[in-house]
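Reviewing the structure listed below.
So that the names make sense, note that chain A is the first sequence line, chain B the second, and so on, each numbered from 1. We use all heavy atoms of the structure for the numbers below, so side chains are in, but hydrogens, waters and symmetry mates are not.
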Amino acid sequence: MSETRGNLGKSYDPRPIEDKWYAWWLERRLFEGNPDAEKPPFSIVIPPPNVTGSLHMGHALNNTLQDIQCRYKRMQGYDVLWLPGTDHAGIATQNVVERHLANQGISRHDLGREAFVDKVWEWKEQYGNRIVNQLKKLGASCDWNRERFTMDEGLSKAVRAVFVRLYKEGLIYRGKYIINWCPRCQTALSDLEVEHQESSGNLYHVLYRFVDADGGVTVATTRPETILGDVAIAIHPRDEKNRDLVGRSVLVPLVGRVIPIIEDPMVDPEFGTGCVKITPAHDPNDFLVGQRHGLESIQVIDSEGKMNESAGKYCGLDRFEARKAVLSDLDSQGNLLRVEEHLHSVGQCYRCRTVVEPYLSEQWFVKAKPLAEAGVEAVKAGRIRFVPEQWTGTYYQWMEEIRDWCISRQLWWGHRIPAWSCPSCGHITVSETDPDRCESCGCETILQDEDVLDTWFSSALWPFSTLGWPEQTPELSRYYPTSLLVTGFDIIFFWVARMIMMGLHFMKEVPFRDTYIHALVRDETGQKMSKSKGNVIDPLDIIDQYGADALRLTLAALTVQGRDILLSTNRIETFRFFLNKLWNASRLALASLEGKTRDRRIEPLSLRLHDRWILTRLDEVILETTRDLDGYFFGEAAKLLYDFVWGELCDWYLEMAKPALRGEEGESRKETTQGVLCRVFESVLKLLHPFIPFLTEELWHAFNFSDRSMQEEEWPKPDGEEKGSPVCLEQMAAFQEAVRAIRNLRAEARLAPQKTAPLVRADLKEGLEPLFRENSDLLKLLCRIERFEITSRNAPSPGKSLSAVLPQGSFYLEVEGLIDIDAEIGRLKQEMDKLAADLERSRAKLANVQFVTNAPAEVVGKERERLQEGEARILRIKENIQSLSVGE
RNA sequence: GGGUGGUUAGUUCAGAGGAAGAACGCUUCCUUGACGCGGAAGAGGUCGCAGGUUCGAGUCCUGCACCACCCACCA
């Protein structure tokens, strides 16, 4: 891998290097967990992407953050296992394959169950690896040898074991209830899989005539087609105005069925007319009312969303067609009294957006309450921590109001429910292995339940099923509980909460310690990215165009806890430019190191201010980056490194080191500077490696710091040497301020940047002389001036110099030719006025007894110093103005 | 109805008790031998509104407004 050594192109091009290094990392088996290692374990299970999936920005962010943590921990000496895999994604995958087949004019029913499932497997073998390869492009350091799939043999065994145990414990049951039904997908959905959307509809006021008298009651409904299934009218027990209706009977319009008027507390007497029609078969509330009152359930809509035989003349009509027909019939019979506009939320299938139908059917459920209680306990006890913390509340809220989880799906693709019913005695046999007879009566013609389990059922077991459970494997005991889960807030309920419940129940231990909930990636205007809006930024396009590192660094840098990410190519470019900056800084360093990059010694005696400064800053940056990564402050860490490299290392240190590196300061200075350069670059590359692994690895080998991968290197530590900090930080700041002020004067004098100014004289504050004397060569270099003189009480030469009055002293820039004295006086006066205003505030503050007595001595002292310094500065500016005026 | 987050420079966002910061954009200047994917210097903000706590408030407290999002069996 030495062919790149010392031979870097003029600008950074990610294309030739990324695949090369990824292959090398795999070859060196750097991503493999080792249960036998002496090192402490660190483990993450990947949120398994759907096999149908293609890498989108959410994945890119999610996996970048996981990869950063994994790479960081590896360098810190952990045995890291990042376990990858994919999810079979029941509905999604079945839909995709069905569409695939539909293009060839085949339906799944043409094929039959077995053949169809075979087709899905075929499809999975062919396309299911796409997202895995895309993760590799991103640089994900997963242990690919341990890749799992939710329908693997092992995981299927785990699913069965869990199902059977929960059934035996009474935590899984079967029953006929109203569930959410998608008429297009032809399956039940859990409550979570229904997305509610506000939409404007109508509230229809319909008259139900009394059986025995004129008149009737008016009922408001949004779904007139369900009138056909009405079995009662209900009012609230304490509804005085409708009180006397109770016990009377009315006729259901259009069908003429006689139904009673009953009382039930579910009715809100304030809403509509206070009278509610009860349709137990088509409304979850009405279903409960029906149960309480022993009412019949009349189903009028079938599984495809069409009206059935019970709907009489409307039979065969689609539910929305039927609504129109019913309305027009009601209207012509004089039963439609009023139509009101009404805003309400309509449930849609999260996969296909079809309006969900409340549907009465036999399904399997998990009794959630007892599991949820343990889940709440674990978080309250601090055994699991949400980061950012705010999500804890969201989690509690849902867990405390949790309802039973409908886990059966009328699909073919998924884990088939391990329950067999007996046609002779009706008993249900639930078993981990396929039984050959009814466990109750011994009948041998038992039939397996047709349904499969909700995809999320197997995902809920992911942290332990992937590690080998129910077998007691070394992996399971070493890596469970996992260290960290990184995921999006949108699946806290779907996945995180359920993993916690299942983990606690089956492992008696939480599935992970820290749960980092990351942001949603939106477009630059804050819109959610979606194909239909056409605002999607495809991570693969970005990787092609800018490289994986640029994408990773951008996502990490924009990751601030508690806020969404607004992504644009513009932002990616910014970070891409940074990579180029790092690349070029490395080229400079490399050219200056003369190939000697290992075992560099730094001679403390020949360190200059800027050397001590950059080494001190480096130590600070090392500590802060470590702290940030430990606390999952990705954005802070990335920005810190960005600023350090660009704003301190490149803009100041490298410029100041150039003369020494060229040998202009003698041999020992050259060697020492080279040593400093090595230390700084070595550390910076390490600190950046988790964020931008490809580029740093390339540079690492170009520098020839070692033959190993950066993943095998140690995370940097402060070197602990006394470098004169924090004095050197203060001195450097004073020096930088002077340089900026002089450069500012140059700009003021309209001196072209490349032009050398003849002379700067400085009248320095006491004690600062040595600093400026020792660094005058660098000051001259950075300010492009010919001579730098330190003199005392040095008034400006009238008409020939511009002055900058700083706390550390006055600096006079002499210019060729005369300056515009009026303009210069004006500028100085303006500066003085601003200073005077500030001083006024300081004086007022210090005159305030409350402030002086109550504020910490340190703050008061600082204020006094500020005032003193300011007063001195004003005096000097005044002198300058005066001498300019005299000269006039 | 319940809950969460946000409101700081033109834009996107940091900052969480001691004199307002960054990036992008904007203005002026510069092909200096790492980098024009660069360098230097600038302009730009009563930190959503109203109260309060404090010697001192983007920063803490209480209201309010507006913008997002989540949850809920809103006929």
Side-chain angles (χ1 to χ4, degrees), chain A residues 8 10-12 178 191 196 198 203-204 219-223 226 234 266-268 271-279 283-288 342-345 358 388 390-391 393-394 396-398 401 403 489-490 492-493 520 522 524-526 528 557-558 560 562-568 570-571 573-592 635-636 639 642-643 647 650-651 654-655 658 662 740 743-748 750-756 782-784 838 841-842 845 848-856 858-860 862-863 866:
Chain A
L8 303 182
K10 195 171 172 182
S11 61
Y12 166 55
I178 286 254
D191 294 329
H196 292 273
E198 283 276 289
L203 194 57
Y204 303 96
V219 165
T221 181
T222 52
R223 301 199 55 199
T226 63
M266 159 278 241
V267 182
D268 173 3
F271 188 91
T273 60
C275 303
V276 183
K277 66 187 214 56
I278 301 299
T279 321
D283 182 280
N285 275 319
D286 295 6
F287 178 75
L288 295 174
H342 181 62
L343 200 68
H344 63 141
S345 73
Q390 69 198 65
W391 294 107
T394 307
Y396 287 147
Q397 205 196 334
W398 187 71
E401 288 166 18
R403 286 178 299 154
F489 64 85
D490 50 332
I492 291 179
F493 306 143
L520 193 69
R522 299 169 177 277
E524 55 193 309
T525 64
K528 233 171 167 167
L558 297 183
V560 172
R563 222 194 252 255
D564 283 345
I565 291 176
L566 271 55
L567 189 71
S568 64
N570 196 342
R571 278 166 173 274
E573 259 170 8
T574 302
F575 290 97
R576 170 64 220 283
F577 292 161
F578 170 75
L579 300 186
N580 192 55
K581 187 73 179 175
L582 178 65
W583 178 264
N584 275 293
S586 302
R587 287 177 67 213
L588 170 66
L590 211 47
S592 313
E636 286 79 348
K639 274 176 265 182
Y642 181 102
D643 289 339
C650 292
D651 287 350
L654 291 183
E655 291 307 321
K658 276 176 182 174
R662 280 190 227 112
R740 283 196 203 97
R743 283 170 170 174
N744 184 282
L745 292 180
R746 293 181 53 112
E748 208 70 50
R750 308 231 151 239
L751 213 62
Q754 80 280 20
K755 212 167 168 202
T756 304
L782 295 173
C783 300
R784 288 214 144 229
D838 290 346
R841 270 170 69 191
S842 273
K845 235 174 169 179
N848 183 349
V849 185
Q850 304 273 39
F851 171 71
V852 180
T853 47
N854 289 326
E858 194 191 308
V859 174
V860 179
K862 230 172 107 186
E863 200 65 44
R866 183 156 33 219

Could you give the distance separating [M] and [N] at their [atom1] atoms, to the nearest angstrom?
| N | M | atom1 | value |
| --- | --- | --- | --- |
| B:rA68 | B:rG48 | C1' | 15 Å |
| B:rG18 | B:rG36 | P | 41 Å |
| B:rG3 | B:rG58 | C1' | 25 Å |
| B:rC64 | B:rG42 | C1' | 40 Å |
| B:rU46 | B:rU8 | C1' | 12 Å |
| B:rA9 | B:rC30 | P | 33 Å |
| B:rG10 | B:rC29 | P | 24 Å |
| B:rC55 | B:rC13 | C1' | 33 Å |

Paired with [N]: which nucleotide, if any, by Watson-Crick or G-U wobble criteria at under 3.5 Å for both distances?
| N | value |
| --- | --- |
| B:rA14 | none |
| B:rU46 | none |
| B:rA72 | none |
| B:rU7 | B:rA65 |
| B:rU32 | none |
| B:rU27 | B:rA41 |
| B:rA20 | none |

- Name the residue closer to the 5' end of RNA chain B, choosing between A:Thr221 and A:Glu748 according to the nucleotide with the nearest heavy atom. A:Glu748

- Given that A:Phe578 and A:Glu636 both sit by RNA chain B, which one's nearest nucleotide is further toward the 5' end?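 Its nucleotide being nearer the 5' end, the pick is A:Glu636.
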
For [X] and [N], give me the distance from atom [atom1] to atom [atom2], rounded to whole Å.
| X | N | atom1 | atom2 | result |
| --- | --- | --- | --- | --- |
| A:Tyr12 | B:rA34 | OH | P | 22 Å |
| A:Leu288 | B:rA75 | CG | C1' | 14 Å |
| A:Phe577 | B:rA22 | CZ | P | 20 Å |
| A:Glu863 | B:rA19 | CD | C1' | 8 Å |
| A:Leu566 | B:rA23 | CG | C1' | 14 Å |
| A:Asp651 | B:rC35 | CG | C1' | 11 Å |
| A:Trp398 | B:rU4 | CH2 | C1' | 17 Å |
| A:Glu655 | B:rG38 | CD | C1' | 11 Å |

Side chain of [X] only, please: which of [options] is the nearest?
| X | options | result |
| --- | --- | --- |
| A:Arg784 | B:rC24, B:rA41, B:rU32 | B:rU32 |
| A:Lys581 | B:rC69, B:rU12, B:rG38 | B:rG38 |
| A:Asn854 | B:rA34, B:rC55, B:rA41 | B:rC55 |
| A:Val267 | B:rA75, B:rU4, B:rC70 | B:rA75 |
| A:Val859 | B:rG18, B:rA19, B:rC35 | B:rG18 |
| A:Arg662 | B:rG33, B:rC74, B:rC24 | B:rG33 |
| A:Asn744 | B:rC74, B:rG42, B:rA34 | B:rG42 |
| A:Arg576 | B:rU32, B:rC35, B:rC37 | B:rC37 |
| A:Phe851 | B:rC70, B:rC24, B:rC55 | B:rC55 |
| A:Arg522 | B:rA19, B:rA75, B:rC69 | B:rC69 |

- Message: Checking the side chain of A:Arg784 only, and the main-chain atoms of A:Arg746 only, is there a donor and an acceptor separated by less than 3.5 Å?
- Response: no

- Does A:Ser11 offer a backbone N or O that forms a donor-acceptor pair with the side chain of A:Asn580 under 3.5 Å?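 No, the answer is negative, given that no donor and acceptor are paired below the 3.5 Å cut-off.
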
Would you check if [X] and [Y] make a side-chain contact, meaning some heavy-atom pair closer than 4.5 Å?
| X | Y | value |
| --- | --- | --- |
| A:Asp191 | A:Arg403 | yes |
| A:Thr226 | A:Asp283 | no |
| A:His344 | A:Thr222 | yes |
| A:Ile492 | A:Trp391 | yes |
| A:Arg587 | A:Lys10 | yes |

- Task: Could you tell me whether the phosphate oxygens of B:rC37, OP1 or OP2, come under 4.0 Å of any side-chain nitrogen or oxygen in A:Asn580?
- Result: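 Answer is no, no contact under 4.0 Å.
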
- Message: For B:rU32 and A:Lys755 - does any side-chain N or O of the residue sit under 4.0 Å from the phosphate oxygens OP1/OP2?
- Response: no

- Any donor-acceptor pair under 3.5 Å joining the side chain of A:Lys658 to the base of B:rA34?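 Yes, the side chain and the base share a sub-3.5 Å donor-acceptor pair.
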
Counting any heavy atom closer than 4.0 Å, what does [X] reach on the DNA or RNA strands: base, sugar-phosphate only, or nothing?
| X | answer |
| --- | --- |
| A:Lys277 | nothing |
| A:Ser11 | base |
| A:Asp838 | base |
| A:Pro856 | base |
| A:Arg223 | nothing |
| A:Arg571 | base |
| A:Ser586 | nothing |
| A:Ala752 | nothing |
| A:Ser842 | base |

- Message: With the 90 degree cut-off around zero defining syn, does B:rG36 come out syn or anti?
- Response: anti

- Thinking salt bridges, do A:Glu863 and A:Arg866 make one under a 4.0 Å N-O criterion?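 Looking at A:Glu863 and A:Arg866, the cut-off is met.
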
- Message: So which atom in A:Asp286 and which in A:Thr279 form the shortest heavy-atom distance, rounded to 0.1 Å?
- Response: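 Distance-wise, the nearest heavy atoms are OD2-N, 2.7 Å.
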
- Message: If I compare all heavy atoms of A:Val219 with all of A:Thr273, which pair ends up nearest, and what's the gap?
- Response: CA-OG1, 3.9 Å

